[in-house]
Each structure stands twice: as C-alpha cells, then as structure tokens.
Amino acid sequence: MAGFQSLPGFRDFYPEEFSRRQHIFRVWRQAASAFGFQEYDAPVLEPLELYKTKSGDEIEAQLFSFTDKGGREVALRPEMTPTVCRMVGAKAGALKRPIKWFSVAEFYRYERAQKGRLRAFNQFNADIFGEAGPEAEIELIALLIQCLSSFGLTKDDFYIRLSDRDLWFFYLEALGFTDAQSRGILVAIDRFEKMGEDAFKGYVEMHGEVAAEMKDKVLAFLQIKSLADLEAVLAPFKSDKLATRLSDWRKVLSGLSAMKLSEFVAVDFGVVRGLAYYTGFVFEAFDRKGDLRALAGGGRYNDLVKKLGGPDLPAVGFAIGDVTTGLLLEQRGLTPHFVTAPDIYAVIGGEAERNAAFADIQALRASGWRVEYPFKELAFGKQFKAAAESGAKLALIYGGDELAKGVVKIRDMTDRSEREVARDQVLASVRDFLSGH
RNA sequence: GCGGUCAUAGCUCAGUUGGUUAGAGCACAAGAUUGUGAUUCUUGGGGUCGCGGGUUCGAGUCCCGUUGACCGCCCCA
C-alpha cells in the first residue's frame with residue numbers, strides 16, 4: 001500500500017498481536033506478583049547523560065537521542081536499569097529492604113533491526129536492591145524460570161546459563177593476568193562460542209600472544225559444567241574471598257535444587273555479558289534449540305547505584321524481552337488465540353423492537369456482562385449466524401412475538417435450547433445462567 | 001555503519017523470451033433467505049504491481065536510485 005509505513009524496527013499491534021502481547025505481559029505480572037515484587041514505571045525520556053554515565057559515551061550511537069526545545073540532551077530509554085537505580089537511590093533510606101521491584105515497559109534502541117531484535121521492544125525488568133547475599137540471586141533466577149515456564153515452556157524448551165564475572169577475574173588474576181589483560185580475555189571468552197580461536201585475535205593485537213599453556217588454563221574454565229568441576233579447577237588457589245564465592249555458589253545451586261529447578265540451570269562460564277558493570281553472578285536464558293537470541297539476561301551490579309549518584313547499594317536484576325519470547329512461544333505453538341467473545345448476543349427483530357432491546361442491553365452492560373448486537377436490521381438467520389460466530393454463550397431474542405407477550409427468549413448457544421422469561425426477569429435469568437458456567 | 005536476498009489485493013501466492021482493461025485461493029461485504037447456526041450458490045468492494053527515475057512503440061517483467069523486510073558482520077545495556 002502506498003502512503004505511510006511504521007518506522008523501521010517499530011511494530012503496529014493489531015488486535016490479534018495486541019492480545020498476544022497482553023498474554024505475555026499478564027504472565028510476567030502474575031509471576032512477579034507471586035514472588036512479591038512490586039510494579040513501578042518511569043519516564044520514557046531521560047537525560048542522555050544518565051546512559052553515558054552508565055555505559056560510556058559510545059552508547060549514544062545506539063540511542064534515539066536528540067536535543068529538546070529547552071536545549072536539553074535527552075534520549076528515549078534503551079533499558080530500565082539506570083532509571084530504576086536512580087529511583088531507588090533517591091529514596092533508598094526510606095524503602096523497606098529488600099527492595100523487590102519489577103516493571104513492564106517499552107524501550108528504544110537505534111540499531112539495525114533483525115530477527116528477535118527491533119528498535120522498539122518491551123521488557124520485563126526485575127531487580128532486588130539492598131541484599132548482598134546470594135539469596136537475591138536465588139529469588140531472581142527462580143522468578144526468571146517462573147516467568148518463562150508459566151507460558152507452558154519446559155526444561156526442554158529453555159535453560160539458564162549461570163556464570164560469575166567475579167570468579168573469572170579472580171581466576172585470571174591468579175593466572176597472572178593484569179586487570180586490563182583480564183578484560184581483554186573476557187571479551188575473547190564472550191566471542192569464543194561463535195568465533196572459536198579467532199576470538200583471541202583482538203586480545204593478541206592489544207596485549208600480545210597468550211602462552212599455549214595459559215590459554216589451555218583459560219579454556220579449562222569454559223569446560224566447567226558443575227560445582228564439583230568448579231571446585232576442582234579452583235582447588236590450587238586458596239583465599240578467603242574465594243571461599244566466600246564458592247560458598248555463595250553452593251547456596252545458589254542448592255537453593256535452586258531445593259526448589260526443584262536444577263534442570264533449568266547450567267553452570268556455564270561462557271556467559272560474561274557485554275558491558276562491564278556486572279560484579280558477580282551473571283546469567284542468561286536461552287532456548288534449547290539455540291536458534292534464537294538470548295531470551296533474558298541479568299546479573300549482579302553492586303556498584304551501579306553509587307556510580308549514578310546514589311548510596312552504596314548492592315543490586316541484582318534481569319530483563320526478559322518480548323520479541324524473542326514471542327518467537328519462541330510461536331515456535332512451540334504456545335500462543336493461545338484469544339477470542340474476545342461476548343457473553344450475550346442480542347437478536348433484534350426490527351427497528352420496532354430495537355429500543356426494548358436497548359433498555360436491557362444497557363442494563364446488562366452496566367452489570368458487567370459483555371453484550372453485542374447488530375447495528376443494522378438483519379434477517380434472523382443472519383443474526384443467529386452472527387451470534388454463533390461471535391462465540392456468545394447466550395442469545396437474547398427480542399422479536400415482535402416475544403415483546404407482545406412481555407417476554408424475551410433466551411437461547412443457550414451451546415445446546416440450542418430456548419426458554420422464555422418475563423422482561424423484568426432478564427437480568428436475573430442471565431446472571432443465573434452465566435454464573436453457573 | 002558494512003555486505004547479501006527479496007518487495008504483485010488485508011493474507012498466501014501465480015503472472016510465459018517485455019505485448020491489450022493484472023489473476024487465483026483465503027478473508028471481507030451483499031444477495032439467495034422478513035423468525036433460528038459454521039455448509040452451498042451468486043455477486044461485489046478492494047491494486048497508481050513498495051516509491052522515484054530511465055531504456056523501449058510498449059515495463060509487474062530490463063537498468064539505476066530510494067525506502068522497507070529478512071539473513072550475515074559490528075554491537076547487543
């Protein structure tokens with residue numbers, strides 16, 4: 001069609017797509033509520049500086065940013081984390097701990113649209129502030145699993161890869177890497193799955209060759225599949241810090257195991273997550289078939305609230321996107337068709353009967369029943385067909401014959417039985433019938 | 001930001017080496033049917049063939065540009 005199109009990477013939500021999106025939002029909200037998280041929202045437009053402070057100046061290239069009429073540098077939010085850190089930071093002293101918050105919101109990123117990645121998308125964000133211990137990770141990972149399994153997805157559909165940036169840095173330092181070198185190694189690790197040995201090219205350019213024996217030790221960390229593997233690889237190193245980290249790992253894994261969620265979780269140090277503000281556990285959810293982008297990602301970011309001007313407040317959080325989730329649900333046939341069927345369809349004999357029908361229709365609607373009727377005069381046959389197609393459970397028949405007798409005919413659309421009720425009994429009869437089903 | 005593929009009705013697509021007023025199925029609407037249900041039959045609306053230019057007597061078809069979608073790279077908070 002000629003004329004206007006939506007902007008690249010932006011979607012129109014026709015009623016069918018809208019109902020699919022609502023289903024996703026409903027499931028997320030229900031899961032969060034079951035876990036005792038409280039919903040919040042925030043402005044779509046934020047100061048550009050908020051994102052530059054968190055992610056560096058380069059981030060601007062990926063943002064919908066502009067100068068507003070008051071000369072302010074602003075950006076459409078590309079994520080929720082800086083905003084929620086600002087909100088929590090500003091009132092941290094007054095908020096009861098632990099602070100467990102979630103949001104469902106739309107975000108905007110100026111990137112090339114691809115499958116599973118658009119310029120406008122929705123995310124569920126859940127964060128816990130004020131809890132430094134691994135209990136927060138247990139809570140969030142369990143919530144993440146609930147947010148996905150509530151759709152009907154199982155351990156055969158998705159899983160969560162659990163990793164730890166803190167342990168990576170500990171291990172690399174113990175191997176003799178400097179801090180800068182360690183960061184370079186982590187970039188290589190992030191790419192290793194996709195690129196193999198080539199992933200180290202960038203590191204070699206910056207820091208020089210990695211000794212073969214050293215590289216083997218780095219790659220050994222990637223082979224870790226369990227807590228036992230982890231303890232074995234780290235056995236040569238002893239420190240209080242390491243003992244604490246391993247104790248946290250035991251708590252997280254045994255906690256999730258007690259929740260019977262172990263089958264959803266894989267120890268996998270291949271996950272390091274892009275930007276470097278994560279300070280401990282990091283995790284990502286993927287579909288098992290592995291042909292989609294990450295479904296969700298998160299981790300601990302203990303320094304961020306302070307960096308954005310708030311108090312020193314530990315934090316963990318994750319986000320799930322609606323685009324990849326929607327694709328996965330579609331693949332698995334888990335997108336229910338929502339028919340917004342009326343409760344009642346009013347069949348109206350003609351213009352003479354219309355006003356009598358209107359009186360009841362309005363009263364029924366005011367009581368909360370969903371009632372439909374034809375706008376134009378239609379043959380009875382057509383109206384019954386329309387009633388059947390609408391999915392209504394009941395038809396109310398306002399014909400000349402009925403109204404002359406002071407009654408309305410009620411037809412049960414499922415078994416096609418009919419009976420007559422007095423005009424002033426319509427509301428009561430409908431209530432009896434529909435509340436019994 | 002860089003490469004590749006594609007674009008015909010609301011949807012899925014057909015359209016011959018360039019040749020008359022561009023087609024089908026589905027969907028939608030009306031009628032057959034002025035008091036009772038998904039079938040059937042008939043009919044109808046809907047296209048500047050993504051957009052703009054060029055070649056040609058003639059372009060949905062060939063060429064260039066552009067916009068968008070999809071795939072890959074960069075990035076992925």
Side-chain angles (χ1 to χ4, degrees), chain A residues 1-12 14-16 46 50-56 58-63 75-85 107-119 121 123 125 127 187 190-191 194-195 198 202 271-278 282 284 291-299 301 304 308 317-319 321 323-324 327 345 347-353 375-392 394-404 409-418:
Chain A
M1 192 204 291
F4 293 107
Q5 302 172 271
S6 61
L7 290 166
F10 284 73
R11 292 170 288 177
D12 289 328
Y14 285 81
E16 194 178 327
E46 290 276 20
L50 181 64
Y51 303 111
K52 284 190 173 175
T53 300
K54 185 210 167 207
S55 307
E58 322 78 59
I59 196 69
E60 188 172 355
Q62 322 264 3
L63 298 179
L76 288 171
R77 61 184 175 198
E79 57 167 328
M80 196 55 112
T81 308
T83 300
V84 70
C85 285
F107 299 94
Y108 310 87
R109 295 180 186 175
Y110 199 87
E111 300 177 295
R112 183 67 140 238
Q114 279 177 30
K115 189 178 184 186
R117 185 219 262 186
L118 300 173
R119 287 183 166 185
F121 55 94
Q123 275 188 348
N125 274 260
D127 295 272
V187 170
D190 196 27
R191 297 177 178 174
K194 190 179 259 182
M195 301 168 65
D198 287 350
V271 172
V272 290
R273 304 220 16 99
L275 294 188
Y277 65 90
Y278 286 108
V282 288
E284 292 192 331
D291 47 21
L292 294 173
R293 292 167 177 280
L295 294 161
Y301 51 98
L304 197 55
L308 294 172
F318 73 83
V323 182
T324 314
L327 288 171
Y345 192 97
V347 173
I348 301 171
E351 287 311 311
E353 290 78 30
F375 280 168
K376 294 275 156 37
E377 194 165 345
L378 276 180
F380 269 71
K382 275 257 192 294
Q383 293 194 57
F384 278 102
K385 190 172 170 181
E389 284 171 353
S390 77
L394 283 185
L396 293 183
I397 300 152
Y398 292 87
D401 300 348
E402 286 82 4
L403 293 182
K409 203 178 270 179
I410 298 185
R411 181 178 176 87
D412 181 336
M413 296 300 289
T414 49
D415 67 10
R416 303 188 179 195
S417 64
E418 289 180 355

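To find a chain, count down the sequence lines: A is the first, B the second, and so on, and within it residues start at 1.
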Item checked: Nearest-neighbour nucleotide for the A/Ala379 side chain, B/U34, B/A77, B/G37 considered ->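 Given the options B/U34, B/A77, B/G37, the side chain of A/Ala379 is closest to B/U34.
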Item checked: Candidates B/U36, B/A77, B/A69 - which lies nearest the side chain of A/Leu63 ->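 Comparing B/U36, B/A77, B/A69 against the side chain of A/Leu63, the answer is B/A77.
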With sequence neighbours excluded, what pairs up with [X] under the salt bridge (Lys or Arg N to Asp or Glu O under 4.0 Å) test?
X        : value
A/Glu402 : A/Lys409
A/Glu60  : A/Lys52
A/Arg11  : A/Asp322

Note to self: Taking Watson-Crick (N1-N3 plus N6-O4 or O6-N4) and G-U wobble (N1-O2, O6-N3), each under 3.5 Å, can you produce the dot-bracket string of RNA chain B? Use [ ] for crossing pairs and | for inter-strand ones.
What the structure shows: (((((((..((((.....[...)))).(((((.......))))).....(((((..]....))))))))))))....
Notebook entry, point to check: Hey, is the side chain of A/Lys409 pairing donor to acceptor with the base of B/U36 inside 3.5 Å?
Noted result: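 Flag set: donor-acceptor pair detected.
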Item checked: Residues in side chain to side chain contact (heavy atoms under 4.5 Å, CB included) contact with A/Arg293, at least two apart in sequence or another chain ->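 A/Arg293 satisfies side chain to side chain contact (heavy atoms under 4.5 Å, CB included) with A/Gln114, A/Arg117, A/Thr324 only.
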Margin query: Holding to side-chain hydrogen bond (donor to acceptor under 3.5 Å, both in side chains), I want the full list of residues that pass it with A/Arg191, two or more places apart in sequence or in another chain.
Written below: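 In terms of side-chain hydrogen bond (donor to acceptor under 3.5 Å, both in side chains), with neighbours along the sequence ignored, A/Arg191 is linked to no residue.
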Checklist line | side-chain hydrogen bond (donor to acceptor under 3.5 Å, both in side chains) partners for A/Glu353, two or more places apart | finding: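 Residues passing side-chain hydrogen bond (donor to acceptor under 3.5 Å, both in side chains) with A/Glu353: none at all.
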Each nucleotide N or O in nucleotides 3-8 of chain B that has a protein N or O under 3.5 Å away: list the pair and distance.
none

Give the table of side-chain donor-acceptor pairs shorter than 3.5 Å for residues 375-386 of chain A, with sequence neighbours excluded, one pair per line with atom names and distance.
from     : atom 1 : to       : atom 2 : distance (Å)
A/Gln383 : OE1    : A/Ile348 : N      : 2.8
A/Gln383 : NE2    : A/Ile348 : O      : 2.7
A/Gln383 : NE2    : A/Leu378 : O      : 2.9

